[in-house]
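For reference, the structure is listed below as structure tokens.
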Amino acid sequence: MGTYSAHTGELDASGLRFAIVVARFNHDITSALLDGAVRALADAGAADDDVSVWWVPGAFELPVVAKRLAESGRADAVICLGAVIRGETAHFDFVAGGATQGIVDVAVRTGVPVVFGVLTVDTMQQALDRIGGSEGHKGEEAAHTAIETARLLAEI
Ligand code: INI
């Protein structure tokens, strides 16, 4: 096999601009996701002025606002945060499915990384486990994904 070039985006957020879209639904969980994401961006060198936060009612509204932000040219990456917790109805599947498909569409159509930081879980305990509990912190992970992907795209 010949030589090839391999690329991995660095976890360096300095000089990059981030827009975070966060759902108010299940606010206790989503505000913790937001805290983790903001902290992780700052720890990686993002300037306060380069991070903006946009609140929407629920996860279903994440894609449309993410799309406008991605199209604005004002963000190197958009981070979507939400928590969809399965109830007794089929509503979960529609909300989770709509948010997931919408976020994928926005990323692919705009070419701007739109990170899926939406918890889709069966129980509140599973959500709590993912905001700094036994399953890590999905807000921090979403921020790391945004940084790494934006850096990688800048190399291409
Ligand atoms: N929105 C969420 O973010 N999480 C949920 O668990 C949820 N549930 O269970 O219904 C939810 N619903 C609201 C939805 O996102 C929209 O805001 C609403 O349907 C209006 O479009």
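Counting starts at 1 for both ligands and their atoms, following the listed order. All heavy atoms count here, side chains included; hydrogens, waters and symmetry mates do not.
Annotation: side-chain hydrogen bond (donor to acceptor under 3.5 Å, both in side chains) contacts of Arg39 (sequence neighbours excluded): Glu140.
Ligand 1 is surrounded by Phe25, Asn26, Gly58, Ala59, Phe60, Glu61, Ala83, Val84, Ile85, His91, Val95, each with at least one heavy atom closer than 4.0 Å.
Side chains of Leu81 and Val21 form no contact here, defined as non-hydrogen atoms less than 4.5 Å apart. Within the 4.5 Å cutoff, no side-chain heavy atoms of Val112 are placed close to those of Asp76.
Counting only residues at least two apart or on different chains, the side chain to side chain donor-acceptor pair (under 3.5 Å) pairs with a member in residues 144-156 are His7-Glu155. Among pairs with a residue in residues 8-50, those fulfilling ring pair (Phe, Tyr, Trp, His ring centres under 6.0 Å) read His27-Trp55, at least two apart in sequence or across chains.
In this structure a side-chain-to-backbone donor-acceptor pair under 3.5 Å is missing from Arg68 to Val64.
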